[in-house]
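Only one structure is covered here, and it is reproduced in the block below.
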Amino acid sequence: MPEPPLLVMRGIVKEFPGVRALDGVDLEVRPGEVHCLLGQNGAGKSTLVKVLTGAHQPDSGDIVWRGDQTPQLTSPTAALRLGVATIYQELDLVAGLSVATNIFLGHERSAFGFSRRGEMNHAARELLGRLGHPEISPGAEVGRLSAAARQIVSMARALSYDARLIVMDEPSAALAHDEVTNLFRVIRQLTAAGVAVIYISHRLEEIREVGDRVTVLKDGRTVAAGLPARTTPTAMLVAHMTGRAYEYVFPPRPQANEGAPEILRVEGLTLPGVFRDLTFSVRAGEIVGLAGLVGAGRSEILETVYGARRPSAGRVVLEGRELRGGSVVAAVRAGMGLAPEERKSQGLLLLDTVAGNVSVASLRRYSRLGWLDRRRELADARRQTRALDIRPDDPRRPIRTLSGGNQQKALLARWLLKGCRLLLLDEPTRGVDVGARAELYALIRRLADSGVGIVLVSSEIPEVLGLADRVLVIREGRVLRESDARELDEHQVLDLVMEGSNR
Amino acid sequence: MNGSDGVRAEEHPGGTPPVPPADEHTRVETAAQRTGPSGLRLRIAELRNLGLLGVLALLILAGSLTRPAEFLAYDNVVVILTLASVSGVITVGMTFVIIGGGIDLSVGAIVALATVWATTKATQMYGTGGVVFCALAVGVGCGLVNGLIIAYGRIVAFIVTIAMLASARGLAINISSGHTQTLNADNQTLVNLGYKDAFVFGKIPPLVIMFALVVGIGWVVLNRTTFGRRTFAIGGNPEAARLAGLNVRLHTLLLYVLSGLCCGVASLMLIVLTGSGTSANGNLYELDAIAAVIIGGTLLTGGRGTLVGSVLGVLVFTTISDIFTLNNLTTATQQVAKGVIIVIAVLVQRLVAERRAGGDPG
């Protein structure tokens with residue numbers, strides 16, 4: 001008779017305004033197993049983890065934790081006290097404090113208000129020893145440790161709460177090869193002691209090596225549960241991950257124009273530690289898509305081409321003129337525009353109006369000896385917002401009151417107004433609801449048809465394949481394949497970016 | 001600024017924007033401009049300054065009730081406005097710096113150094129023109145050093161300007177050996193500006209006119225020029241401004257130069273008022289200026305603020321000082337009152353801001 005499951009989640013639903021992030025997820029985790037969660041970006045993995053660890057409350061569905069039908073997963077702290085711990089990609093440790101202090105942060109051992117440092121150091125040493133890392137000193141400052149050592153400290157912290165389940169979200173992303181081996185050893189020690197691990201990773205080979213069972217999510221639903229991690233064929237896993245519940249509406253592609261002039265040429269561009277010797281080009285009217293996993297270096301490529309990062313080698317040539325590396329001012333003046341990945345923190349002037357956001361890159365045009373022609377500025381901004389059908393139709397509204405899709409349109413309007421030759425779009429549909437996406441796709445295609453060159457980065461492979469003319473598949477800073485978008489399908493791209501690791 | 005770039009704006013490669021303009025809409029906009037939520041926003045912004053105007057009115061009431069004979073007397077009003085002029089000019093520069101996302105703690109020390117340097121025997125040999133030039137040059141020079149280190153050395157403004165605070169005042173003490181340097185007989189032109197004979201229409205002190213001029217120019221630059229618009233953009237979100245192609249570093253540099261220039265003007269005003277320069281000048285001016293900017297409704301984190309609010313802030317503080325002095329209360333008591341007013345003002349602003357955010361249709 002199999003032992004009772006540690007955790008059962010059934011029919012979990014979580015809705016956010018405009019999007020149903022979880023639409024009936026089932027998950028069952030047994031004690032002492034490594035349970036892998038697989039799914040594309042946006043499939044709902046992160047939301048599920050947040051429900052499990054108490055950061056989000058589900059709208060409906062049942063959670064059974066160690067036989068308890070109504071576990072109080074009301075906050076991350078409450079979840080931690082019940083024995084559910086999470087190790088985040090961005091480790092939530094305090095860099096300036098010692099290892100021991102971090103491990104016992106929030107549940108310090110104390111007597112009459114005085115912390116018992118000796119006892120905590122002792123306990124910390126024991127936990128680190130259990131994790132096979134006695135060399136980490138409890139007194140060391142966390143900020144000075146390596147990423148791998150910090151991960152161990154996070155795990156020690158989880159164990160200090162007597163965690164029965166540890167959720168690891170892309171734990172290998174920040175680690176070097178031998179550190180990953182070490183991580184797997186630690187995971188095996190944990191599971192041998194009866195602790196269960198939920199392991200989230202895009203790397204299939206890791207799942208095969210350390211995982212016991214796999215649950216696949218797609219569009220907020222469980223599409224396959226409890227598959228054996230080692231023996232399930234890759235093709236089957238990929239098949240579960242792909243194919244959509246809803247169809248994207250992509251605008252038709254025009255006939256490829258081989259004779260169109262080259263707008264951008266990138267030669268041997270290198271950003272140490274991220275990508276090297278990158279060469280590609282974009283023609284007028286062409287949409288070039290960069291496909292790859294998060295962390296593959298896609299955003300960094302865009303930012304380096306744009307001059308926001310300084311390359312160590314290589315050149316960027318826009319319409320025959322070589323750009324000064326590491327200068328956004330030069331890139332914008334030459335006719336480039338970027339709609340950055342983090343719309344709110346990198347793109348928008350949130351305190352400003354829609355018009356202010358649209359005109360900010362073109363202020364010189366409205367300047368006469370520094371004097372700003374505000375009437376002309378507003379009229380031109382209004383013309384752009386009307387042309388892109390930005391709603392509500394009032395460019396003098398604060399930009400923060402607009403929806404994500406309309407904010408993104410405002411960023412596009414900024415570069416339309418500037419009249420740029422090459423547009424770099426980093427995750428243009430992130431946080432944009434499905435209806436508004438089709439509109440954005442049509443808009444992007446319309447831009448390309450008007451002769452602008454476009455480089456598109458998206459975590460959603462169907463989006464890259466559906467919208468781009470040509471696709472570069474990128475993994476760990478290298479171009480694995482370059483081909484016409486029509487010659488690739490989602491399976492091939494997923495295979496390329498997930499398999500064939502050099503690890 | 002950016003004069004060399006101005007020409008290139010017209011030859012942007014795309015020619016006209018690629019998306020066809022929607023001509024049928026353009027006619028409607030004159031009507032739309034006058035109505036809509038933007039009009040409402042303007043009213044709320046005025047309301048915020050109205051609050052400060054109300055405080056000022058209450059203060060004037062308090063002053064006239066406690067000291068009916070002296071407070072509203074012409075001489076006293078001149079005193080208030082003159083004092084407000086000196087710290088007001090500094091506050092104008094500070095408003096730009098803070099809206100642009102920075103802070104300048106060195107203004108008081110720069111004023112001290114500028115008054116001292118401009119009144120040395122060596123400078124005075126060049127006559128009144130030399131004194132004026134020297135005061136402005138010291139202000140601009142210190143601002144330039146601040147700006148270069150902050151913008152291009154990438155050290156936070158707080159540290160850089162605190163270092164300038166220490167070293168500028170130290171240098172001022174060094175140059176003057178701690179003595180007060182008076183203007184000699186050949187350089188009394190400046191001092192004469194402080195006498196009633198020089199008052200415009202026999203009523204208005206030239207310093208007050210100077211202050212009004214600085215505020216007027218400052219308001220135009222902040223609200224009607226690309227420089228002002230960029231200041232808001234850079235203060236509101238420096239990363240977004242950079243990625244939109246603005247030269248954030250150069251602009252930041254210019255903001256500190258502007259603040260330094262204002263300090264130079266303020267130090268000239270002090271020289272006019274006292275006929276001398278001393279390293280003790282400008283003590284704690286930075287706190288007065290920052291406090292005035294903050295109670296004027298400017299966000300300390302940058303990106304939002306008004307010059308009118310800052311000026312009202314200065315007037316509130318100078319009026320309080322005056323009332324306290326007239327009522328023979330010590331400066332120590334004044335300091336306490338200032339502190340209380342700063343906290344109350346910021347609290348009220350936050351309540352107003354929260355109500356605004358709550359009432360927003362989005």
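Sequence lines set the chain letters: A, B, ... in the order given, protein chains first and strands last, and positions in each chain run from 1.
Proximity to chain B (any heavy atom under 4.5 Å) is restricted, for A:Glu377, to the side chain, taken from C-beta onward. For B:Val248, no part lies near chain A; criterion is any non-hydrogen pair under 4.5 Å.
Taking CG of B:Asn223 as the reference point, atom CZ of A:Arg374 lies at 7.5 Å (rounded to 0.5 Å).
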Between A:Leu363 and B:Arg230, is the side chain to side chain contact (heavy atoms under 4.5 Å, CB included) condition met? List the steps. CA-CA 9 Å; A:Leu363 286 177; B:Arg230 290 190 182 121; 3.8 Å; yes

B:Arg224/A:Leu372 under side chain to side chain contact (heavy atoms under 4.5 Å, CB included): CA gap, chis, key distance, verdict: CA-CA 5 Å; B:Arg224 290 291 181 268; A:Leu372 192 61; 5.7 Å; no

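Of all heavy-atom pairs between A:Val360 and B:Ala233, the closest is CG2-CB, 4.1 Å. Among all heavy-atom pairs drawn from B:Ala244 and A:Arg414, the shortest one is CB-NH1, 3.7 Å. Between B:Ala240 and A:Gly347 the shortest heavy-atom distance is CB-O, 3.4 Å. Residues A:Ser367 and B:Thr226 come closest through the heavy atom pair CB-CG2, 3.4 Å.
Using modelled atom types, one side-chain atom of A:Tyr306 and one backbone atom of B:Leu243 make a donor-acceptor pair closer than 3.5 Å. Of the possible polar contacts, none joining the B:Asn237 side chain to the A:Leu350 backbone as a donor-acceptor pair under 3.5 Å is found.
Ranked by heavy-atom pairs under 4.5 Å with chain B, the list A:Leu411, A:Leu349, A:Asp352 is led by A:Leu349.
The side chain to side chain donor-acceptor pair (under 3.5 Å) check on B:Ser259 picks up B:Asp104, with sequence neighbours excluded. B:Thr161 pairs by the side chain to side chain donor-acceptor pair (under 3.5 Å) definition with nothing, not counting sequence neighbours. Here B:Arg242 pairs with B:Glu239 under the salt bridge (charged side-chain N to carboxylate O under 4.0 Å, His left out) rule; sequence neighbours left out.
The number of heavy-atom neighbours closer than 6.0 Å to OH of B:Tyr152, taken from other residues, nucleotides and ligands shown, is above 12.
Within residues 323-331 of chain A, the residues having any heavy atom under 4.5 Å from a heavy atom of chain B are, by residue number, A:Val328, A:Val329.
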